[in-house]
2 protein chains.
Amino acid sequence: MAAQLTRRERERQQHRREVLEAALNLFSRRGFEKTAMAEIAEQAEFAVGTLYKLFKDKNALCRALILDTVQRFERALTAALKAPGSELEKLERYIETKAALFLQHMPTARLYFAQTADAAFVPTAGLNEEARAIHREMLGLLESIFRSGIRKKLFLNIDPRMLALGLEGLTNAFLIELLERPHDFSAETMADSCKTIFFERIHLKGE
Amino acid sequence: MAAQLTRRERERQQHRREVLEAALNLFSRRGFEKTAMAEIAEQAEFAVGTLYKLFKDKNALCRALILDTVQRFERALTAALKAPGSELEKLERYIETKAALFLQHMPTARLYFAQTADAAFVPTAGLNEEARAIHREMLGLLESIFRSGIRKKLFLNIDPRMLALGLEGLTNAFLIELLERPHDFSAETMADSCKTIFFERIHLKGE
DNA sequence: ATAATCTATGAAGAGCCGTTCACTTTGTCA
DNA sequence: TGACAAAGTGAACGGCTCTTCATAGATTAT
C-alpha cells in the first residue's frame, strides 16, 4: 500500500523531495549545466554521496525534477480545462489558472518554460521526452475544446491546433514578461488582456 | 575605410565568419555548454589555438554569435515595420517577414529563440545583454505601431505593450512549432492563421 | 545488548574541457 | 631574396565536476 510505507521509506521520499527543492532553486537561477552536484548537496544539507543514493546520476535528478514540475503544472491546467462549463468558460478558466499558478510558483515556472519552450530547440539528449509528452497531451486537450467550440459556431473556423498553439503562445509571452518584470503588471491585468486579444476582435475596421 | 581592408584583414574576417558558422551549427544542435571548443575547431577546420586568435575566449565567441544572429533577425523585422504603409499593413508585413525569415534560416532561428525566450529565465551571466537590448528595441517599435493604430481607432484600446508582447508570443509559438514539425504547416498557412487570430475576432457570439 | 542492515559521508579517482604557448608555416614588404 | 610579422598549430596544463567507495553512523530486529 502506498500509505503504509515504513518510516525508512517515508523519510527517504522526504529527503528526495528536499533535494529536488534545492535543485529547483539552483537550476532556476543558474541553469542545469552550471549547477554542480556539490552545490545541490550543500543547499540540501546532504553529502554528495547521499544524492547518488537517491538518484542514479545527475541526469536522473534533472529528469525527476522536470517531470515533477511539468506534471504539477499540467495537472492544474488540465483540471481547469476539464471542469464543467462552456468552451469559452473553460478557456478563460485556463488563462486565469495559468496566470495565478505561475505567479505563485515562479521558480517552478522558470523551469517549466525552460523545458517547454527552450527544450524544443536544443534537444537535450532526451532529458525531457516524458515531460514533453505530458505537455503535448494538454495541448491536445486545448485543441479539442477549440474544435468543439468551432462545431458549435462559437469560434471562427480556424485550424484548432493553431488556436491551441496560439493561446499557449500568447499566455506564455505575457507570463514570461511577468517573470522578468514582476511589478509592471498584475496577474489580473494580464489575464484580461489575454482574453480580450484572443476572444474579442482586435482590428476594428475591415478593409 | 571599411571597404579598404588589407587582404590579411579580409581573410581574418572571413575566418571569423567561418568559425561562427561552424559554432552556429553545433550550438543549435547541442546547445552552448555541451559544445566543446575542440568540436568547433574541428568543424571549422582550424586548430583550437586559432580560435583563440580570433576570439578572446569561448564566451566572446558565443557573444559574437548571438549578437550577430539577433542583429540580423531584428534588422529584417525592423525594416518590415518601418517600410511605408498603414499600421495594419506594417504588422502583417512583420508577420510575413518573420515567417519567411525563420524558415529560411532554421539554425539561426533556433539560436534566436534560445536567446530571446530562454535567456529570459536563466540569466546567463550577461552573455546576452546587448542582444536583449536589441530585441527590446524592436518590441518598442511594435508597441509604437500599435499605439498609433489605437489613436487612429484602428485597434481596440488595449495596452499597446500587451499587444506587442502578444503578437510576438503568437508568432513565436507558431514558428517554434514549425521548427519542431517542419512539414505539418507551411509558412503561409502559419502567417494567415496569425493574422486571422490577431486581427479578426475569434469569438463569434458575445455573452 | 549485539548483530545485521540500511543510510550518510566526503575524500579520492577519472575524465573532460577551456586555455596557453613554444613552435611552424605562411604572407608581406623592402 | 631575405627578414620581419602575422596566422596557424596542437600537445600539455590546470581546474572543475561527476561519480565511486571504503568507512562511519544510525536504526531495526533478535
Side-chain angles (χ1 to χ4, degrees), chain A residues 4-66 122 124-128, chain B residues 1 3-66 122 124-128:
Chain A
Q4 290 200 2
L5 298 168
T6 64
R7 132 162 290 110
R8 277 244 151 99
E9 189 56 27
R10 267 181 286 132
E11 284 184 344
R12 186 186 160 84
Q13 294 301 330
Q14 178 57 29
H15 292 173
R16 249 182 86 101
R17 277 191 295 271
E18 284 173 25
V19 170
L20 288 177
E21 197 190 320
L24 173 62
N25 275 321
L26 293 166
F27 285 160
S28 77
R29 277 186 286 140
R30 271 169 244 180
F32 285 92
E33 341 271 348
K34 289 195 174 174
T35 304
M37 287 298 269
E39 288 179 280
I40 302 173
E42 196 189 12
Q43 174 95 11
E45 293 179 86
F46 283 110
V48 214
T50 309
L51 267 52
Y52 284 85
K53 292 276 159 75
L54 297 168
F55 302 92
K56 189 180 136 280
D57 54 22
K58 194 187 181 187
N59 263 346
L61 196 161
C62 293
R63 256 199 307 274
L65 180 58
I66 292 166
V122 182
T124 333
L127 236 183
N128 39 14
Chain B
M1 276 211 192
Q4 290 201 2
L5 297 170
T6 64
R7 138 164 282 112
R8 271 247 152 98
E9 189 56 27
R10 267 181 287 133
E11 283 184 345
R12 185 186 163 84
Q13 294 301 329
Q14 177 57 29
H15 291 172
R16 249 183 85 101
R17 275 192 296 271
E18 285 173 23
V19 170
L20 288 178
E21 197 191 320
L24 172 62
N25 276 320
L26 292 167
F27 285 160
S28 76
R29 277 185 288 139
R30 271 169 245 181
F32 285 92
E33 340 271 349
K34 289 195 174 175
T35 303
M37 287 298 269
E39 288 180 281
I40 302 173
E42 196 189 14
Q43 174 96 10
E45 293 179 85
F46 283 111
V48 212
T50 310
L51 266 51
Y52 284 85
K53 291 275 158 78
L54 296 168
F55 302 93
K56 188 180 136 281
D57 53 22
K58 194 187 180 185
N59 262 347
L61 195 161
C62 294
R63 255 200 307 276
L65 180 57
I66 293 167
V122 182
T124 334
L127 234 184
N128 38 14

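Between the A:Lys58 side chain and the A:Phe32 main chain, a donor and an acceptor come within less than 3.5 Å of each other. A donor-acceptor pair is defined here as one N or O able to donate and one able to accept, closer than 3.5 Å; no such pair exists between the side chain of A:Lys56 and the backbone of A:Leu61.
The separation between B:Gln13 atom CD and D:dA6 atom P is 16 Å, rounded to whole Å. Here D:dA7 presents its P atom at 15 Å from CD of B:Gln14, a figure rounded to the nearest Å. What separates CE of B:Met37 from P of C:dT20 is a distance of 10 Å, to the nearest Å. At whole-Å resolution of the value, CZ in B:Arg16 and P in D:dA7 are 13 Å apart. Distance, B:Lys34 NZ to C:dG18 C1': 18 Å, rounded to whole Å. C:dC16 atom P lies 16 Å from atom CD of A:Glu33, rounded to whole Å. In this structure, the CZ atom of A:Arg10 is 14 Å from the P atom of C:dT7, given to the nearest Å.
Checked by atom type, the side-chain pair A:Gln14/A:Arg17 shows a donor-acceptor distance below 3.5 Å. Between the side chains of B:Gln43 and B:Glu39, no donor N or O sits under 3.5 Å from an acceptor N or O.
Residues from residues 44-57 of chain A with heavy atoms under 4.0 angstrom of DNA chain D, sorted by number: A:Val48, A:Tyr52, A:Asp57.
Side-chain contact between B:Phe55 and B:Arg16 is present, with at least one heavy-atom pair separated by less than 4.5 Å.
Residues B:Glu18 and B:Phe46 approach most closely at OE1-CE1, 4.1 Å, considering heavy atoms.
Both B:Lys58 and B:Arg8 sit near DNA chain C, but only B:Lys58 has its closest nucleotide nearer the 5' end.
The side chain of A:His15 places an N or O atom within less than 4.0 Å of a non-bridging phosphate oxygen (OP1 or OP2) of C:dA8.
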